[in-house]
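Convention: sequence-line order gives letters A, B, ...; per-chain numbering from 1. Only a predicted model underlies this, so the values are computations on that prediction, with no experimental measurement involved.
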Number of protein chains: 2
Amino acid sequence: MPTVYDVARLAGVSTATVSRVMRGSDLVRPVTRDRVLAVIEEVGFVPDASAQGLSRRRKEIIGLVGLERGVNETDIERDGLLFVDVVVHAVEAVLRGTDTSLLLSFGPSGEPFASRIRALSGKVDGLLVVEDALAPAQLRALARRLPVVSIAASPGDTGLDVLRVDNPGGMRAMAGHLTSDHGYRRLGFVGGPSDAPDAVERVAAFSAAVHRVPGATVDVVPGGDFSEASGRTAARVLLGREAIPEAVACANDQMAIGVMRELQRSGIAVPADVAVTGFDNVFPGRVVEPPLTTVGQPVRELGVRAAARLLERIEGNTEPPRAETLPTELVVRRSCGCPPADENP
Amino acid sequence: MPTVYDVARLAGVSTATVSRVMRGSDLVRPVTRDRVLAVIEEVGFVPDASAQGLSRRRKEIIGLVGLERGVNETDIERDGLLFVDVVVHAVEAVLRGTDTSLLLSFGPSGEPFASRIRALSGKVDGLLVVEDALAPAQLRALARRLPVVSIAASPGDTGLDVLRVDNPGGMRAMAGHLTSDHGYRRLGFVGGPSDAPDAVERVAAFSAAVHRVPGATVDVVPGGDFSEASGRTAARVLLGREAIPEAVACANDQMAIGVMRELQRSGIAVPADVAVTGFDNVFPGRVVEPPLTTVGQPVRELGVRAAARLLERIEGNTEPPRAETLPTELVVRRSCGCPPADENP
DNA sequence: GAAGGGGATGTAAGCGGTGTCAATGCCGGA
DNA sequence: TCCGGCATTGACACCGCTTACATCCCCTTC
């Protein structure tokens with residue numbers, strides 16, 4: 001593995017010159033530069049990032065940490081694109097324009113993961129924290145050591161840069177659509193994991209919105225884990241009630257699909273007998289029958305902005321931290337009882 | 001940002017002792033260890049990974065590079081879980097048991113990406129290359145500098161460690177099912193991107209298998225890009241033929257779903273009029289109507305084994321490189337014309 | 001009581017780059 | 001001819017951590 005010293009010796013120059021050539025400095029005579037470049041090419045020299053990182057105090061790496069949800073690891077494989085994967089791709093796309101790389105780590109929340117993250121923090125220039133991968137206190141401790149931007153964290157103010165989507169707004173829009181446009185009064189709601197900030201916000205906002213409608217009630221089934229299977233389970237719970245809701249809103253699309261399929265399996269027509277809605281607007285929701293009415297979130301945009309913000313902070317931007325909330329959007333398809341749209345979205 | 005020197009000074013010991021405590025060496029007196037640990041805790045010391053990496057010659061980071069497919073970046077968001085995402089999660093899960101982290105980079109194949117990877121190679125101890133992210137020559141050049149394991153690369157032998165799935169076997173099984181079990185003779189095939197090794201293998205194997213059946217023909221529609229939209233396009237092409245195939249196999253599930261939906265939109269019943277099959281066994285295929293008959297691949301296992309292999313190589317295992325092929329499995333549901341199964345998979 | 005031994009700790013030399021400052025060489029102008 | 005100034009290049013300290021080796025101290029052992 002060749003080093004600057006090897007290159008310097010072979011090119012008959014000093015290491016300083018090799019370094020200058022590598023970094024594209026303009027105070028090297030063209031002929032010298034070419035000679036050095038030739039040697040670099042010849043021996044296949046690639047600078048060691050550790051040495052570089054030590055010397056400049058910059059590693060050109062940012063980290064992204066998120067929760068790995070679900071006991072059954074094959075869920076990931078089966079249940080489709082995770083929120084965090086979209087964020088990862090978005091961040092990576094932003095980084096593509098720089099020479100920073102993305103280091104990532106997922107894990108179940110808890111102390112082992114927290115200490116893994118602490119170790120990881122020594123490898124990066126800044127950190128993106130997705131959802132509540134870290135407790136607020138740990139988050140703040142981290143933020144004292146390096147720039148941290150959090151994505152879709154719980155509402156509570158941490159005094160850090162945060163990017164979120166407007167979950168309550170989306171849920172209010174959905175509740176409004178179901179109660180006003182369709183006139184449903186007996187609503188159901190299938191909740192998500194209580195450690196998912198998004199899930200918590202969603203139940204809360206939906207319930208609150210429904211309760212503001214005179215005569216409307218909502219039957220909340222908690223304990224879902226965002227998987228299709230847990231949607232099916234919730235549907236069975238609902239089927240056991242004396243009165244089945246007219247419409248069931250779910251904390252995410254996967255569960256909504258599970259609910260829909262379980263209802264259909266029991267001979268209940270969706271949306272004729274019971275309407276079902278989701279949240280997230282993921283791909284499978286478009287191809288199920290009936291197509292799922294849901295709430296779309298700008299997940300990719302979330303990742304893009306978070307990455308940009310983190311990069312700024314690393315560059316030394318010291319403005320006070322900002323919380324930014326991106327809008328969500330009601331996506332009306334047919335599972336809520338609306339007529340088929342003409343076009344094929 | 002505290003360093004070992006700070007900790008050493010505050011604890012009244014030498015940096016060597018601090019280092020020993022950090023690395024859990026047992027030749028430190030318990031009382032000394034505690035004193036050092038207290039200081040570490042107090043000042044929130046986290047060792048700088050660059051310095052560590054430079055000193056031990058190990059960065060505790062491995063890289064994963066893969067292709068970012070599709071011009072339209074929102075495809076990712078819309079079309080569901082990518083192959084590479086599953087691999088990423090699998091690799092990450094393996095790494096969770098170690099103190100190595102995962103660095104990743106996606107990009108469109110080409111020189112800019114190749115040089116990005118070269119730079120990246122200075123930041124890692126080893127590299128996983130997914131599909132043909134790198135040309136064989138570049139791959140070999142990289143492999144001279146550090147351990148490289150390639151995942152799902154094109155068949156040609158590169159003399160490196162490779163993990164693949166048995167695409168041909170899966171496709172032969174599918175062709176057999178369609179021609180023998182169902183007796184179809186006029187087949188269609190919707191191909192994937194020509195730069196995707198998997199896609200190439202799949203067409204080839206399917207065509208070959210069909211051609212071995214007397215009287216059977218296959219109408220190949222090339223140029224798909226693995227997206228649902230391109231499946232729809234392909235379906236329209238097929239609808240334009242004078243004779244529509246009795247069964248259409250597709251190079252992946254997303255396209256199969258597109259084909260199915262476009263056929264249905266034109267009033268053609270699936271599978272009654274035309275059978276449709278996919279490849280990959282992703283989540284959406286289970287929830288469409290009719291459920292998609294497809295071929296399942298052990299993608300997660302692929303990632304797990306590749307990661308394990310790379311870690312071994314980094315540890316210094318110098319056995320000759322091995323190519324390993326994991327079996328695929330025919331997943332029969334209803335889109336091929338088979339009767340509904342009782343249980344709910 | 002001196003020598004020997006072993007555990008605990010300190011010293012200091014790298015690891016491979018970067019960047020500062022000094023040195024060198026060459027130029028034109030006085 | 002001599003000198004200042006600019007363009008290049010070199011020498012070397014330093015970044016923070018690890019580790020081989022040296023040192024020191026306290027016991028045992030004969």
Is A/Gln52 close enough to C/dG16 that one of its side-chain N or O atoms is under 4.0 Å from OP1 or OP2 there?
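The answer is no; no side-chain N or O of A/Gln52 sits under 4.0 Å from OP1 or OP2.
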A/Arg56 side chain near C/dT18 phosphate (N/O to OP1/OP2, under 4.0 Å):
yes
Under a 3.5 Å distance rule, please check whether A/Arg35 uses its side chain to pair with a backbone N or O of A/Ala11 as donor and acceptor.
yes
Do B/Val18 and B/Tyr5 come close enough that some side-chain heavy atom pair is under 4.5 Å?
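Not touching, per the 4.5 Å side-chain cut-off.
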What's the [atom1]-[atom2] distance between [X] and [N], to the nearest Å?
{"X": "A/Phe45", "N": "C/dG17", "atom1": "CZ", "atom2": "C1'", "answer": "8 Å"}
{"X": "B/Arg9", "N": "C/dG10", "atom1": "CZ", "atom2": "P", "answer": "15 Å"}
{"X": "A/Tyr5", "N": "C/dC15", "atom1": "OH", "atom2": "C1'", "answer": "9 Å"}
{"X": "A/Met1", "N": "C/dG17", "atom1": "CE", "atom2": "P", "answer": "10 Å"}

Five pairs at each end of the helix from C/dG1-D/dC30 to C/dA30-D/dT1: take the axis at both ends and give me the angle between them to 10°.
60°
Listing time: all N or O pairs from protein to nucleotides 5-9 of chain C that are below 3.5 Å?
{"unit_1": "C/dA8", "atom_1": "O3'", "unit_2": "B/Arg29", "atom_2": "NE", "d": "3.4"}
{"unit_1": "C/dT9", "atom_1": "OP1", "unit_2": "B/Arg29", "atom_2": "NE", "d": "3.4"}
{"unit_1": "C/dT9", "atom_1": "OP1", "unit_2": "B/Arg29", "atom_2": "NH2", "d": "3.1"}
{"unit_1": "C/dT9", "atom_1": "OP1", "unit_2": "B/Thr32", "atom_2": "OG1", "d": "2.4"}
{"unit_1": "C/dT9", "atom_1": "OP2", "unit_2": "B/Arg29", "atom_2": "N", "d": "2.9"}
{"unit_1": "C/dT9", "atom_1": "OP2", "unit_2": "B/Thr32", "atom_2": "OG1", "d": "3.4"}

Specify the closest pair of heavy atoms between A/Asp125 and A/Glu60, including all atoms of both residues, with the distance to one decimal.
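Minimum heavy-atom separation between A/Asp125 and A/Glu60: OD2-N, 2.6 Å.
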Mind checking which nucleotides bracket the chain B contacts on DNA chain D, 5' to 3', with an atom under 4.0 Å from a heavy atom?
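The contact span of chain B on DNA chain D goes from D/dG16 to D/dT19.
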Along DNA chain C (nearest heavy atom to each residue), the more 5'-positioned of B/Thr15 and A/Pro47:
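Whichever sits nearer the 5' end wins; that is B/Thr15.
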Is it true that atom CD of B/Glu111 has more than 12 heavy atoms of other residues, nucleotides or ligands lying nearer than 6.0 Å?
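Counting neighbours around CD of B/Glu111, more than 12 heavy atoms of other residues, nucleotides or ligands fall under 6.0 Å, so yes.
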